[in-house]
Amino acid sequence: MMEFLRARLHEDKTAAQALNSGKNQHVKRLQDRVLADIEAKRRLMDWVDEYPRMVKDAKGRVLWQRLAGELYAGLSQDRRSPVIYELVAAYADHPEFHPEWKPIAGGDQYEPGEDKPSARARAGNGVHQNR
């Protein structure tokens, strides 16, 4: 799913950069906004992957430290991965989009900051699936 999203962002960036705004300031502002949005999405993707990457790179730790880090990374990933589902949902009409990536109504997934379960649940559970 991450590779799919990276490819779509690359396509969006290429299309935005190809716009010829000329003297039209509205088009130029839209182009700048699209490019800034793409960079923000890339930073969110990096944030989702950040802690699990740090755990993988943690060499020289004793066994219990590595295991604790892996457990925490998994929990962190579970909390961060819904961000990717929301970002990738914008491309649901793309031919390479997989139906299991689409957020579905119902379920009892808890989201931080809410007093009750969210109204959204995800089909599947692997953000890093490359399909």
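Bear in mind the structure is a predicted one, so any value in this text is a computation, not a measurement. Note that these values count all heavy atoms, side chains included, but never hydrogens, waters or copies made by symmetry.
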So that I know where these two stand, are His94 and Phe4 an aromatic pair - ring centroids less than 6.0 Å apart? yes
Taking all non-hydrogen atoms of both residues, which atom of Arg6 and which atom of Met45 are closest, and how far apart? CG-CE, 3.4 Å
Criterion side chain to side chain donor-acceptor pair (under 3.5 Å) against Arg29, the qualifying member of Gln25, Gln31, His26: His26
To the closest 0.5 Å, what do you measure between CG (Leu9) and OG1 (Thr14)? 10.5 Å
Listed partners of Lys28 passing salt bridge (charged side-chain N to carboxylate O under 4.0 Å, His left out), at least two apart: Asp32
For a quick test of reading the model, state the closest non-hydrogen atom pair linking Phe97 to Lys102 and the distance between them. CZ-N, 3.7 Å
Would a single hydrophobic cluster contain both Val34 and Val27, if residues Ile, Leu, Val, Met, Phe, Trp and Tyr are joined by side-chain heavy-atom contacts under 4.5 Å? no
Do the side chains of Tyr91 and Glu96 get nearer than 4.5 Å, heavy atoms only? no
Enumerate the residue pairs fulfilling side chain to side chain donor-acceptor pair (under 3.5 Å) with a member in residues 33-45, sequence neighbours excluded, ordered by first and then second residue. Asp37-Lys41, Glu39-Arg42
Membership question, hydrophobic clusters at under 4.5 Å side-chain separation (ILVMFWY): are Leu19 and Ile38 in the same one? no
Contact list for residues 11-20, test salt bridge (Lys or Arg N to Asp or Glu O under 4.0 Å), sequence neighbours left out: Arg8-Glu11
Looking only at non-hydrogen atoms, find the nearest pair between Val48 and Val83 and report the distance. CG2-CB, 4.2 Å
